[in-house]
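Sequence positions, counted from 1, serve as the residue numbers for this chain. Predicted model only: the values in this text are computed from it and were never measured.
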Amino acid sequence: MLAVLRKQLKSHPALIPLLFFISGGTAMSMMYLARLALRNPDVCWDRKNNPEPWNKMAPTDQYKFYAVNVDYSKLKKNGPDF
């Protein structure tokens, strides 16, 4: 498989940037999916010890990827404790 790819890249050098950007996009999408699976409070990996992880989040926890004009350290809890 790699030998065929190497042969194609030698005969068509214009494919190198295309391969570079496709592999970079694939790597970034896999990293984003891993971040969603590991850091998102909606995902529950351990149902016995922590069945509802979204209830244990403090209002100062930032779990969004990008927050516009929100300072999470100054937020206060609005809802009841469960």
Side-chain angles (χ1 to χ4, degrees):
M1 178 79 181
L2 291 176
V4 173
L5 181 66
R6 183 176 294 158
K7 182 180 175 185
Q8 289 292 324
L9 288 177
K10 283 185 181 179
S11 62
H12 303 290
L15 292 176
I16 294 173
L18 179 67
L19 181 67
F20 175 74
F21 284 107
I22 287 176
S23 60
T26 303
M28 285 190 287
S29 65
M30 294 305 264
M31 287 188 294
Y32 181 67
L33 285 175
R35 182 190 181 278
L36 284 177
L38 297 174
R39 308 261 312 166
N40 198 350
D42 296 333
V43 178
C44 183
W45 291 98
D46 187 13
R47 291 185 184 178
K48 293 180 181 176
N49 296 327
N50 193 8
E52 296 176 344
W54 50 89
N55 285 335
K56 293 185 179 181
M57 291 203 54
T60 58
D61 291 342
Q62 179 180 357
Y63 64 91
K64 290 186 175 182
F65 186 70
Y66 180 70
V68 180
N69 298 331
V70 176
D71 188 11
Y72 282 94
S73 63
K74 296 179 182 176
L75 290 178
K76 295 183 181 179
K77 189 171 187 175
N78 294 330
D81 290 329
F82 291 106

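To the nearest 0.5 Å, atoms CE (Met28) and CG (Leu33) are separated by 12.5 Å. Remark: Arg35 CZ to Met31 CE distance equals 12.0 Å, nearest 0.5 Å.
By the criterion of side-chain heavy atoms lying less than 4.5 angstrom apart, applied directly or through intervening Ile, Leu, Val, Met, Phe, Trp or Tyr residues, Leu19 is not grouped with Val4; the two fall into different hydrophobic clusters. Under the 4.5 Å side-chain contact rule for hydrophobic residues, Leu9 and Leu18 share a cluster.
Shortest non-hydrogen contact noted between Thr26 and Ile22 is OG1-O, 2.8 Å.
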